[in-house]
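First up is the structure itself, then whatever we jot down about it.
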Amino acid sequence: MNIKTFQQNLIEWYKKQGRDLPWRHTRDPYAIWVSEIMLQQTQVDTVKNYYTRFLETLPDIISLAQANEDRVFKLWEGLGYYRRVRHMQEAARQIVSEYDGRFPDNYDDIIRLKGIGTYTASAISSIAFGQEKGVIDGNTLRILSRIYNRQDNIALDKTKKTYQLLMDELIHDADPSMFNQGMMDLGAGICTPRHPLCGHCPVCSFCEAHASGRESVLPVNIKNTSKTDLYYITAILKKDDKYFLIKNKEGLLENLYGFVQYEVESPISFEESFHNSYGLTVRLYEYCKEIKHVFSHRIWHMNVYLGEIMDGPETAGASEPLCEQLYTEEEMEKLPISTAHRKVCAFVKKSTDSEQR
Ligand code: SF4
């Protein structure tokens with residue numbers, strides 16, 4: 001690919017067809033920062049009014065750093081995701097204390113500021129300071145996939161890293177501000193997710209996906225949100241008026257206490273597994289209910305049974321003294337127990353309460 005011509009075509013097009021937006025009339029890093037943070041989860045048209053009002057009220061870093069928090073939040077009211085503005089004020093105070101109130105002028109320092117990620121750092125450093133840092137977001141990932149006709153899944157971090165290198169190669173020796181903003185506008189208006197307007201595309205002659213008629217199947221963007229379903233038998237095991245709990249030594253719930261559970265298909269298999277693990281004999285005698293707990297990548301289906309420990313406190317062959325693993329309801333309350341197993345505790349409590357009534 002002739003990168004020079006690609007850059008020229010894109011930048012010429014941007015100069016003529018680029019969107020006229022309020023933050024495009026400045027090179028003030030503070031103003032660009034405000035616009036980029038607002039644009040993170042908000043439509044361009046909505047941002048325009050907020051941006052103008054925000055800058056009129058808080059025109060620079062010092063005023064933002066010193067502003068009353070309520071006043072800052074009032075200016076943000078309706079934009080949502082209030083953490084963004086809280087981080088902005090923290091970053092403004094960071095700039096005052098660490099950079100004497102002057103916005104840092106390079107990517108490496110900018111990305112250290114609170115609430116600023118790679119995209120925003122690239123946008124500010126390229127637009128305000130002319131650094132050759134290509135912006136990577138959904139728009140530019142899509143364009144690059146199509147230009148190079150690549151099948152990489154853009155939902156993956158490793159693809160973002162690879163494409164960052166492609167972008168940095170494409171931006172090299174161009175006007176970084178114009179180039180990045182050209183790519184932003186190309187993605188927003190021409191190289192759209194569905195039905196890209198290839199006939200109006202300034203870089204169409206470079207587009208390998210278009211040449212092979214594959215632009216509509218790219219990019220590959222498969223978000224693996226599927227959760228794994230895990231099915232357990234979870235036993236509320238009692239010995240007299242105490243409950244048997246274990247402390248997890250590893251895994252997802254390391255150091256937290258919980259009831260014993262196994263991925264087994266029958267109460268008999270549970271009893272065997274339990275005996276193998278603890279050297280104790282148990283008998284499950286009643287099915288209670290299924291308790292579901294959703295983690296970020298898995299769902300636990302806990303089929304809760306009531307059971308009793310048949311052995312005495314000094315059972316030969318037990319892996320640990322039984323008395324050290326038995327807890328009253330009051331003692332259970334004080335133990336660190338995972339939320340999933342707290343649901344089982346709540347069931348225990350409810351059952352005990354209804355028995356006492
Ligand atoms: S030719 Fe079409 S698919 Fe290729 S970059 Fe341009 S708009 Fe996107």
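Ligands are counted one by one from 1 in listed order, and the atoms in each one are counted from 1 as well.
Applying the 6.0 Å contact sphere to CZ of Arg102 captures no more than 12 heavy atoms from other residues, nucleotides or ligands.
No cation-pi contact links Arg150 to Tyr148, judged by a cut-off of 6.0 Å to the six-membered ring centre and 45° from its axis. Remark: Lys242 is not positioned above the aromatic ring of Tyr327, lacking an NZ or CZ atom under 6.0 angstrom from the ring centre and at most 45 degrees off the axis.
Side-chain contact annotation: Asn303 with Tyr287, donor-acceptor N/O pair under 3.5 Å present. A donor atom on one side chain and an acceptor atom on the other are not found under 3.5 Å apart for Thr159 and Thr162.
Near atom 4 (Fe) of ligand 1, less than 2.8 Å away, sit the protein N, O or S atoms Cys207 SG.
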Working note: Lys48 + Gln43, criterion side-chain contact (heavy atoms from CB on, under 4.5 Å); need CA distance, chi angles, decisive distance, verdict. CA-CA 9 Å; Lys48 284 181 190 167; Gln43 299 287 328; over 6 Å; no
